[in-house]
*Asks:* 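Here it is: the structure, laid out below.
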Amino acid sequence: MSNENTSIHEFDLNIIHEYFLNTTRQGPGSPTITRKALSFIDGLNEKSKVVDIGCGTGGQTMVLAKDIIGEIIGIDLHSGFIDQFNKNAQTLAIHNRVKGVVGNMEDLPFQEEELDLIWSEGSIYNIGFERGLTEWRKFLKQGGYVAITENTWFTDERPSEIQEFWQKAYPEIDTIPNKIQQMQKAGYLPVATFIVPDSCWSDYYAAMKEMQNPFLKKYKGNKTAEQFIEYQQYEATLYDRYKAYYGYAFYIGKKL
């Protein structure tokens with residue numbers, strides 16, 4: 001396989017979903033970072049309605065539920081993730097107000113101005129940062145918030161290897177000033193932006209590494225699975241080599 005000519009979107013979704021199903025988080029992040037982002041959001045109460053779009057198995061959602069006393073809905077396209085999400089909510093005895101539902105971020109099941117907060121860690125790339133912010137805005141009440149992590153360039157210039165990789169994997173990757181400008185254009189007041197520390201990425205890739213040999217053993221001889229793991233390993237190598245140039249940033253905005 002030529003890693004340079006492949007993006008994660010080109011792999012079998014069933015392979016991707018099974019790989020990530022038993023992980024606490026499906027992308028870089030931490031409870032500390034989730035809570036830091038939440039600290040910039042005001043006005044939530046027991047009547048608030050929150051949605052976590054692209055929630056996965058709900059690692060960050062369960063953290064939010066410790067500090068948000070209102071209703072929280074997790075949305076994900078993969079039913080296996082949602083099954084695990086609801087099991088996690090049941091285990092924590094918060095299933096009366098925290099529920100996962102299968103849904104598409106391109107066609108959300110909400111009324112206009114129904115939501116107080118839209119959360120999305122590591123998933124808006126599936127629809128695109130600008131498109132997501134623009135289309136999701138109508139579901140927020142006036143003064144409602146969005147809180148999103150987005151892959152972001154930290155410098156205006158970067159080595160060609162990492163530039164070409166992300167141009168293929170996610171062409172909308174951009175710098176922090178440009179992302180803030182996009183948020184403003186979509187109708188939000190930028191409230192806060194901060195970089196997700198590289199320790200979150202290191203921990204994430206370490207957890208992924210532990211899963212890879214058992215996964216390859218299970219799918220021995222399956223070229224798709226083998227190529228997917230090769231891609232994951234290549235991505236981790238690139239991050240270790242070029243982490244000064246890119247990573248996640250958290251963007252918090254308020255609907256104007």
*Asks:* Testing the 3.5 Å rule here: is there a donor-acceptor pair between the side chains of Ser123 and Ser120?
*Replies:*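 Yes, because at least one side-chain N or O of Ser123 sits under 3.5 Å from a partner of the opposite role on Ser120.
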*Asks:* Can you name the closest pair of heavy atoms from Asn45 and Ser48 and give their distance?
*Replies:*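 Heavy atoms only, the tightest pair is N-OG, 2.8 Å.
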*Asks:* Does one side chain, of Tyr188 or Gln182, offer a donor that lies under 3.5 Å from an acceptor on the other?
*Replies:*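 No - no donor-acceptor pair under 3.5 Å links their side chains.
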*Asks:* With a 4.0 Å cut-off, would you call Asp174 and Lys179 a salt bridge?
*Replies:*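 No, Asp174 and Lys179 are not salt-bridged.
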*Asks:* Are side-chain heavy atoms of Tyr251 and Ile180 found at a separation under 4.5 Å?
*Replies:*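 A side-chain contact under 4.5 Å exists here.
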*Asks:* I would like to know whether Ile72 and Leu117 meet side chain to side chain contact (heavy atoms under 4.5 Å, CB included); could you show each step before the answer?
*Replies:* CA-CA 9 Å; Ile72 304 177; Leu117 170 62; over 6 Å; no
*Asks:* Is the closest basic N to carboxylate O distance between Lys220 and Glu226 below 4.0 Å?
*Replies:*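 Result for this pair is no, no salt bridge flagged.
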*Asks:* Would you check if Glu18 and Tyr219 make a side-chain contact, meaning some heavy-atom pair closer than 4.5 Å?
*Replies:*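 Glu18 reaches Tyr219 side chain to side chain.
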*Asks:* Side chains of Thr175 and Asn178 only: does a donor on one sit below 3.5 Å from an acceptor on the other?
*Replies:*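 Short answer, yes.
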*Asks:* According to a 4.5 Å side-chain heavy-atom criterion applied to Ile, Leu, Val, Met, Phe, Trp and Tyr, with indirect links allowed, do Ile148 and Leu108 form part of one hydrophobic cluster?
*Replies:*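 Same hydrophobic cluster.
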*Asks:* Establish whether Leu44 and Ile69 are linked, either directly or via other cluster members, by ILVMFWY side-chain heavy-atom contacts under 4.5 Å.
*Replies:*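 Hydrophobic grouping puts Leu44 apart from Ile69.
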*Asks:* Is there a path of hydrophobic side-chain contacts, each under 4.5 Å between heavy atoms of I/L/V/M/F/W/Y residues, joining Phe165 to Met208?
*Replies:*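 Yes, because Met208 and Phe165 connect within a single hydrophobic cluster, where side-chain heavy atoms sit under 4.5 Å apart.
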*Asks:* For a side chain to side chain contact (heavy atoms under 4.5 Å, CB included) with Gln163, tell me which candidate from Tyr246, Tyr245, Tyr242, Trp153 qualifies.
*Replies:*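 Answer after filtering Tyr246, Tyr245, Tyr242, Trp153: Trp153.
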*Asks:* Flag the pair Leu38 / Trp119 as yes when at least one side-chain heavy-atom distance between them is below 4.5 Å, and no otherwise.
*Replies:*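 They are in side-chain contact.
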*Asks:* Just checking, is any N or O donor in the side chain of Thr224 or Gln227 under 3.5 Å from an acceptor N or O on the other one?
*Replies:*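 No donor-acceptor contact under 3.5 Å links the two side chains.
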*Asks:* Under the criterion side chain to side chain contact (heavy atoms under 4.5 Å, CB included), I'd like the reasoning laid out for Phe228 against Gln212: C-alpha separation, chi angles, the key distance, then a yes or no.
*Replies:* CA-CA 10 Å; Phe228 174 68; Gln212 288 166 2; over 6 Å; no
*Asks:* Could you give the distance from NZ (Lys99) to CD1 (Ile82), rounded to the nearest 0.5 Å?
*Replies:*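 Nearest 0.5 Å value for the NZ-CD1 distance: 10.5 Å.
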*Asks:* Find out whether Pro31 and Arg25 are in side-chain contact, i.e. whether some heavy atom of one side chain is under 4.5 Å from a heavy atom of the other.
*Replies:*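 The answer is yes, as the side chains (C-beta and beyond) meet within the 4.5 Å cut-off.
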*Asks:* Is Lys47 paired with Glu71 through a side-chain N to carboxylate O contact shorter than 4.0 Å?
*Replies:*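 A salt bridge is absent here (no side-chain N lies under 4.0 Å from a carboxylate O).
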*Asks:* Are any side-chain N or O atoms of Gln26 and backbone N or O atoms of Thr57, one a donor and one an acceptor, separated by less than 3.5 Å?
*Replies:*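 Confirmed, Gln26 side chain pairs with Thr57 backbone.
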*Asks:* Are any non-hydrogen side-chain atoms of Ile252 and Val146 less than 4.5 angstrom apart?
*Replies:*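 With C-beta onward as the side chain, the pair stays apart.
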*Asks:* For the pair His78 and His17, name the ring-plane relationship: parallel under 30°, tilted 30 to 60°, perpendicular over 60°.
*Replies:*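 Because their plane-to-plane angle is under 30°, the rings of His78 and His17 count as parallel.
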*Asks:* Looking at Asn151 and Gly247, what are the two nearest heavy atoms and their distance?
*Replies:*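 Of all heavy-atom pairs spanning Asn151 and Gly247, the closest is OD1-O, 3.2 Å.
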*Asks:* Please tell me whether Ile41 and Met62 are part of a single hydrophobic cluster in this structure, the criterion being side-chain heavy atoms less than 4.5 Å apart.
*Replies:*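 In one cluster with Ile41: Met62, yes.
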*Asks:* If I compare all heavy atoms of Phe85 with all of Cys55, which pair ends up nearest, and what's the gap?
*Replies:*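 In this case the closest contact between Phe85 and Cys55 is CD1-SG, 3.8 Å.
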*Asks:* For Arg137 and Lys255, what are the C-alpha separation, side-chain angles and deciding distance, and is it a side chain to side chain contact (heavy atoms under 4.5 Å, CB included)?
*Replies:* CA-CA 7 Å; Arg137 182 180 180 275; Lys255 180 179 176 179; 3.8 Å; yes
*Asks:* As a quick check of understanding, evaluate side chain to side chain contact (heavy atoms under 4.5 Å, CB included) for Asp52 and Ile73, giving each step before the final call.
*Replies:* CA-CA 6 Å; Asp52 183 1; Ile73 299 170; over 6 Å; no
*Asks:* Report, as yes or no, whether the 6.0 Å neighbourhood of atom CD on Gln142 holds more than 12 heavy atoms from other residues, nucleotides or ligands.
*Replies:*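 Yes, because the 6.0 Å sphere around CD of Gln142 holds more than 12 heavy atoms from other groups.
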*Asks:* Under 6.0 Å from the CD atom of Gln181, do we count more than 12 heavy atoms belonging to anything else shown?
*Replies:*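 Atom CD in Gln181 is not crowded, with 12 or fewer foreign heavy atoms closer than 6.0 Å.
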*Asks:* Applying the 4.5 Å side-chain criterion to the ILVMFWY set and letting contacts propagate, would Leu13 and Leu77 be lumped into a single cluster?
*Replies:*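 Cluster IDs for Leu13 and Leu77 differ.
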*Asks:* Is there side-chain contact between Met105 and Ile75, with at least one heavy-atom pair below 4.5 Å?
*Replies:*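 No. Closest side-chain heavy atoms not under 4.5 Å.
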*Asks:* Taking the six-membered ring for Trp, are Tyr145 and Trp136 ring centroids under 6.0 Å apart?
*Replies:*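 Distance test on ring centres: not under 6.0 Å, no.
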*Asks:* What pair of heavy atoms forms the shortest contact from Ile33 to Pro197, and how long is it?
*Replies:*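 Looking at all heavy atoms of both residues, the closest pair is CD1-CD, 3.4 Å.
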*Asks:* I want to check something: taking the side chain as every heavy atom from C-beta on, are Asp76 and Val102 in contact at a cut-off of under 4.5 Å?
*Replies:*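 No - every pair of side-chain heavy atoms lies 4.5 Å or more apart.
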*Asks:* Go through the structure and list residues passing salt bridge (Lys or Arg N to Asp or Glu O under 4.0 Å) with Lys49, not counting sequence neighbours.
*Replies:*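 Partners of Lys49 by the salt bridge (Lys or Arg N to Asp or Glu O under 4.0 Å) criterion, ordered by chain and then number, come out as Glu114.
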*Asks:* Just wondering, do Phe154 and Lys243 contact through their side chains at under 4.5 Å, heavy atoms?
*Replies:*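 No. Closest side-chain heavy atoms not under 4.5 Å.
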*Asks:* Measure from the ring center of Phe40 to the ring center of Phe250 and say whether it is less than 6.0 Å.
*Replies:*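 Phe40 vs Phe250: aromatic centres not under 6.0 Å.
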*Asks:* I want to know whether Phe129 and Tyr125 have ring centres closer than 6.0 Å.
*Replies:*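 So the answer is no for these two rings.
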*Asks:* With a 4.0 Å cut-off, would you call Arg97 and Glu46 a salt bridge?
*Replies:*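 No, Arg97 and Glu46 are not salt-bridged.
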*Asks:* Please work out whether the ring planes of Trp201 and Tyr204 are parallel, tilted or perpendicular, with thresholds of 30° and 60°.
*Replies:*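 The rings of Trp201 and Tyr204 stand perpendicular, inter-plane angle above 60°.
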*Asks:* Taking atom types as modelled, find out whether Gln233 and Tyr205 have a side-chain donor-acceptor pair closer than 3.5 angstrom.
*Replies:*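 Per modelled atom types, Gln233 and Tyr205 side chains form no pair under 3.5 Å.
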*Asks:* Regarding Arg241 and Glu161, does a basic nitrogen lie under 4.0 Å from an acidic carboxylate oxygen?
*Replies:*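 Yes, Arg241 and Glu161 are salt-bridged.
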*Asks:* Nearest heavy-atom pair of Leu133 and Ala186: which atoms, and what distance?
*Replies:*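 Shortest heavy-atom separation between Leu133 and Ala186 comes out as CB-CB, 3.9 Å.
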*Asks:* More than 12 non-hydrogen atoms from neighbouring residues, nucleotides or ligands closer than 6.0 Å to CG on Asp156, yes or no?
*Replies:*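 Not more than 12 within 6.0 Å, no.
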*Asks:* Taking all non-hydrogen atoms of both residues, which atom of Ile127 and which atom of Glu106 are closest, and how far apart?
*Replies:*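 Of all heavy-atom pairs spanning Ile127 and Glu106, the closest is CD1-CG, 3.8 Å.
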